[in-house]
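In listed order, ligands and their atoms are each counted from 1. All residue numbers refer to positions in the sequence shown, counting from 1.
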Amino acid sequence: MWPARVDQYLDDGLGEGDVDRWVQSACLLCSNGCGCDIAVKDGRMVGVRGRAGDVVNHGRLGPKGLYGSTPWASSPDRVTRPLVREDGRLVETDWETAMARVVERSRSSLEERGPLTHGFYTSGQLFLEEYYLQAVIGKAGIGTPHMDGDTRLCTATSAAAFKESFGADGQPGSYTDIEHCDAIFLYGHNMAETQTVLWARVLDRTRADDPPRVVCVDPRRTLVAQEAERTGGVHLRPRVGTNLALMNGLTRELFANGWVDEAWVDAHTLGRDELEETVAAYTPEHVAEICGVPADDLRRAARIFGESQAVLSTVLQGFYQSHQATAASVAVHNLHLLRGMIGRPGAGVLQMNGQPTAQNNRECGADGDLTGFRNWDNPAHVRELADAWNVDPMTIPHWSPPTHAMQIFSYAASGSIDFLWISATNPAVSMPESARIRNILSSDDCFVVVQDLFLTETAELADVVLPAAGWGEKTGCFTNVNRTVHLSEKAVDPPGEARSDYEIFLMYADLMGFTDKDGAPLVRWRRPEEAFESFCSVTRGRPIDYTGLSYEKLRGPTGIPWPVNEAHPEGTDRLYADGVFPTDTEVCETFGHDLVTGAVVTEQEHRAMRPDGRAFLKGAPYSPPHEEPSDDFPMLFTTGRTVFQFHTRTKTGRSSSLDDAAPDAWAEISPVDAERLGIDEGDWVHVTSPRGGIEVRARVGQVIEGAVFAPFHYGRWDPRGVADAEHRLANELTMTVWDPVSKQPYFKTAACRVTRLRGGDGPAPAPTTTASPATDLAPTVGGAETSSRVLDVTPAYPLDPAGGS
Ligand SMILES: Nc1nc2c(c(=O)[nH]1)N[C@H]1C(S)=C(S)[C@@H](COP(=O)(O)OP(=O)(O)OC[C@H]3O[C@@H](n4cnc5c(=O)[nH]c(N)nc54)[C@H](O)[C@@H]3O)O[C@H]1N2
Ligand SMILES: Nc1nc2c(c(=O)[nH]1)N[C@H]1C(S)=C(S)[C@@H](COP(=O)(O)OP(=O)(O)OC[C@H]3O[C@@H](n4cnc5c(=O)[nH]c(N)nc54)[C@H](O)[C@@H]3O)O[C@H]1N2
Ligand code: SF4
Ligand SMILES: [Mo]
């Protein structure tokens with residue numbers, strides 16, 4: 001049992017006695033979903049503390065959760081009134097005027113050119129009720145297939161991989177697997193920085209008796225990689241963009257060494273022989289040629305997998321945002337299925353999420369999925385929703401696959417979408433090929449509505465900006481990566497005239513007058529709780545069954561993992577304990593795809609395979625990335641995160657503790673490349689790709705030779721007015737290409753060139769206590785004190801960068 005420890009943060013100078021009340025919630029800064037209470041004083045959020053009884057975190061909170069959850073809320077630069085564009089400038093106005101503009105434009109587009117003019121691009125950070133309301137408006141009110149979220153950039157591959165292997169979305173494993181496993185494999189997942197509380201749980205095992213071995217697949221020597229070395233596991237460092245070749249090599253080793261549980265495979269899976277054939281060519285030596293991973297390292301890693309009784313695997317952006325994303329992520333499932341390691345303690349897959357509420361977007365269907373894990377290609381599933389919402393089934397778009405985010409922006413570029421509503425995401429910074437995105441958003445042809453807490457780089461380009469209430473300023477539910485549902489209660493009023501996203505979408509539905517097929521208002525709920533109850537009822541009978549949940553039940557001591565129903569009134573820790581998967585043709589969420597081309601499998605083809613509750617083993621050959629190094633662009637560019645910042649920094653950038661520790665962008669290169677290019681630690685460098693470039697300081701770090709790593713957090717906005725903020729956005733370099741199955745764009749493969757511009761005046765502003773240490777261990781900008789103040793709240797970090805505990 002993982003011991004409880006309550007972590008707490010209060011604003012400077014405040015003690016526990018100063019807090020007026022604590023309000024129940026869960027942390028909204030990553031998908032781990034740690035249970036917490038919000039401290040309120042004089043109507044302001046002034047801190048947080050972990051909830052000891054919560055199954056997710058046992059009271060712990062990490063650096064972002066502690067220091068980043070509340071300071072943004074009372075920041076003086078919140079948007080507090082609606083803004084509309086007048087003569088090229090955004091000016092303040094009242095809600096009536098702003099909504100009248102939105103509704104007028106929406107009506108005229110619908111009347112003139114129909115529902116395909118409308119696109120909704122939402123988030124992984126709203127509440128369940130807000131996605132569900134959007135889904136009902138978009139699917140049953142307007143009838144547009146053009147709905148997606150930034151979840152496409154984030155966890156589309158997680159959902160796609162589940163659907164391809166198991167028939168439906170839904171995390172099979174559990175965090176409790178950490179306590180029971182013999183080995184932990186982390187694929188493209190820097191858990192030490194991106195899910196710090198989960199990593200603390202891992203460290204509590206790896207630093208105790210009988211530790212599991214860790215295997216890390218990452219081109220950088222992250223803290224995870226260091227833990228792999230320390231536990232006698234393996235750090236596999238593939239060349240950027242070669243994950244699938246590596247996975248095929250691991251899979252081949254299981255077959256070649258007789259590590260396959262043939263009886264289990266025979267009873268519970270389909271496709272074993274085809275998979276063996278697909279991976280036959282990937283000998284360790286062949287893999288070494290493609291990936292640059294020593295053949296013996298691959299053999300050692302495979303042996304750990306093959307000889308362990310219970311392996312826990314976690315997968316994240318190094319796989320999802322990289323080349324052949326779905327095929328590589330499905331390959332992780334294949335390893336588990338071949339060993340019969342699923343559905344029992346310790347043998348789990350955590351196909352991770354990133355954003356705190358990405359799961360709910362997938363569940364509710366504001367993202368291109370059909371509500372309640374239904375199959376858009378199954379007329380019976382569409383009818384169930386039509387009945388629940390009392391609309392004609394033909395209103396709900398299902399004549400073709402739903403439009404993914406990258407395509408929505410292409411339609412906006414070509415003019416077929418001319419009404420684009422963006423909520424709780426900042427695509428001008430977070431989408432690939434930023435120059436293209438800025439052009440689309442600022443074009444006169446497309447009417448852009450942006451709903452945010454701040455005047456972000458995206459909001460600045462909008463036609464209408466709607467001021468939103470954030471976490472703690474509204475009530476709703478959300479579900480973490482581990483299927484655990486939490487209720488987050490309103491703690492304080494939003495500033496000025498800001499309103500919750502739920503209220504804003506409700507206002508739009510009322511003004512548009514959407515009706516059901518009997519002419520009654522389509523959306524009759526008022527309180528978020530009514531939307532929640534409606535959602536629970538449409539999940540009945542689906543793999544994601546919420547029918548046993550209510551707000552009242554969620555006010556208990558802990559979050560509850562779905563399915564929660566009559567059979568499982570207290571929730572379900574682990575799926576597929578019986579080895580039965582939701583793959584039946586009538587049940588599944590998709591009939592599946594060809595992993596190489598993305599071509600859809602038809603209903604007839606699916607039926608002919610007679611899945612009968614068995615999981616699919618699906619393989620694909622490796623092919624090289626879209627853009628390979630050339631004479632002009634000889635290196636590989638990859639991007640990611642630091643522990644101290646969250647995405648485009650709108651919250652963490654307003655916490656001085658966090659922002660001081662990682663105040664500005666950098667580019668990480670290997671010592672060998674630095675030497676070759678004449679670059680010293682802290683020098684200004686120009687990193688360019690065929691699409692654009694950045695000018696940042698170089699961190700001579702621990703990335704693999706031939707690769708460049710840059711954080712994507714830093715757009716133009718800066719709390720301290722950094723002079724070179726114009727030229728530091730990593731997405732200037734990334735490209736408009738995506739995985740054929742999940743449609744997730746590639747943020748982790750592009751060709752680039754690095755040139756030295758001039759000397760710097762000290763080390764790069766990259767934190768030294770994380771995945772980006774300098775060889776000379778220069779102190780982190782912001783001061784070692786700030787950094788350790790942030791770092792000492794969890795044992796996730798060896799404070800000594802050399803790796804002590
Ligand atoms: N501090 C912090 N935590 C966060 C977030 C944040 O912004 N900041 N965001 C949250 C969200 S939404 C998400 S999605 C998650 C993301 O969490 P992670 O996926 O852990 O984060 P990343 O840094 O994007 O990528 C992980 C690793 O992929 C590696 N990588 C790059 N290219 C390749 C490749 O070709 N192959 C392999 N195998 N690995 C590669 C990088 O070196 C990096 O260490 O984090 C969540 N948590
Ligand atoms: N190069 C590169 N690019 C990437 C990635 C990468 O690894 N590399 N990762 C991708 C991934 S995984 C992700 S998740 C995306 C994240 O990209 P974004 O979603 O664009 O990032 P955020 O900064 O979290 O944007 C959320 C916005 O919502 C606002 N907001 C917060 N709460 C609320 C609310 O309750 N209501 C409303 N209306 N607004 C709210 C915030 O102020 C902020 O502007 O970036 C993607 N882009
Ligand atoms: S691990 Fe994630 S959910 Fe937990 S405190 Fe940290 S940021 Fe919040
Ligand atoms: Mo994400």
- Item | CA sep, side-chain torsions, deciding dist, call: Gln355, Gln125, side-chain hydrogen bond (donor to acceptor under 3.5 Å, both in side chains) | CA-CA 6 Å; Gln355 290 184 93; Gln125 294 171 50; 2.9 Å; yes
- Please test Gln359 against Asn353 for side-chain hydrogen bond (donor to acceptor under 3.5 Å, both in side chains), starting from the C-alpha separation and ending with a verdict. CA-CA 7 Å; Gln359 189 65 45; Asn353 292 346; 3.0 Å; yes
- Query: Does the ring-ring contact (aromatic ring centres under 6.0 Å, His included) test come out yes or no for Tyr9 and Tyr67, once each step is laid out?
  - Reply: CA-CA 7 Å; Tyr9 160 85; Tyr67 295 96; 5.2 Å; yes
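Nearest to atom 35 (O) of ligand 2 by heavy-atom distance, out of Lys474, Gln451, Lys748, Gln317, is Lys474. Among Pro745, Ala424, Ala459, the residue whose heavy atom lies nearest to atom 37 (C) of ligand 2 is Ala424.
Residue Tyr175 is tested with Thr484, Val55, Asn57, Asn480 for a side chain to side chain contact (heavy atoms under 4.5 Å, CB included); the sole match is Asn480. When each of Arg716, Arg438, Arg691 is tested with Glu732 by the rule salt bridge (charged side-chain N to carboxylate O under 4.0 Å, His left out), just one qualifies, namely Arg438.
For ligand 2, none of its N or O atoms has an N or O atom of Trp471 under 3.5 Å away. Here's the thing with Phe747: none of its N/O atoms is less than 3.5 angstrom from an N/O atom of ligand 2. For Ser423, no nitrogen or oxygen atom sits less than 3.5 Å from a nitrogen or oxygen atom of ligand 2, counting backbone and side chain alike. In terms of polar-atom proximity, defined here as any N/O pair under 3.5 Å, Thr734 makes no such contact with ligand 2. Between Asn426 and ligand 2, a contact under 3.5 Å exists for at least one N or O pair.
Only the side chain of Asn731 comes within contact range of ligand 2, with a heavy atom under 4.0 Å; no backbone atom does. Residue-level proximity to ligand 2 for Ala469 is carried by the backbone, the only part with a heavy atom below 4.0 angstrom. At a 4.0 Å heavy-atom cut-off, ligand 2 touches Arg641 through the side chain alone. For Leu28, no heavy-atom contact with ligand 2 is shorter than 4.0 Å. Counting heavy atoms under 4.0 Å from ligand 2, residue Ser430 touches it through both backbone and side chain. Proximity of Ala730 to ligand 2, defined as any heavy-atom pair under 4.0 Å, is not found for any part of the residue. Under 4.0 angstrom from ligand 2, the non-hydrogen atoms of Thr648 come from both its backbone and its side chain. With a heavy-atom cut-off of 4.0 Å, Thr425 touches ligand 2 through backbone and side chain alike. When heavy-atom distances to ligand 2 are checked against a 4.0 Å cut-off, Asp501 comes that close only through its side chain, counted from C-beta outward.
Relative to the ring axis of Trp717, Arg654 places its NZ or CZ within 45° and under 6.0 Å from the centre. Relative to the ring axis of Phe644, Arg649 does not place its NZ or CZ within 45° and under 6.0 Å from the centre.
Proximity of Met431 to ligand 2 is not established, as no heavy-atom distance is less than 4.0 Å.
For a distance threshold of 2.8 Å, the protein N, O or S atoms nearer than that to atom 2 (Fe) of ligand 3, listed by chain and number, are Cys30 SG.
When side chains are defined from C-beta on, Ile704 does not count as touching Arg220, because their heavy atoms never get closer than 4.5 Å.
Distance from atom 21 (O) of ligand 2 to its nearest protein heavy atom, with residue and atom name: His647 CB, 3.3 Å. Here the protein heavy atom with the shortest distance to atom 32 (N) of ligand 2 is Leu453 CD1, 3.7 Å.
Using the six-membered ring where Trp is involved, Phe409 and Tyr121 have ring planes that are perpendicular, over 60° apart on the 30 and 60° scheme.
In summary, the side chains of Gln134 and Thr122 do present a donor paired with an acceptor at a separation below 3.5 Å, with no hydrogens or angles considered. A donor-acceptor pair shorter than 3.5 Å cannot be found between the side chains of Ser434 and Asn731. In this model, a donor atom of one side chain and an acceptor atom of the other lie less than 3.5 Å apart for Trp666 and Glu668.
Among residues two or more places apart in sequence or in another chain, the ring pair (Phe, Tyr, Trp, His ring centres under 6.0 Å) test is passed with Phe319 by Tyr187.
Atom numbering of ligand 2 starts at 1 in the shown order; those under 4.0 Å from a heavy atom of Gly470 are 35 (O).
Trp421 and Tyr508 have their aromatic ring centers within a separation under 6.0 angstrom.
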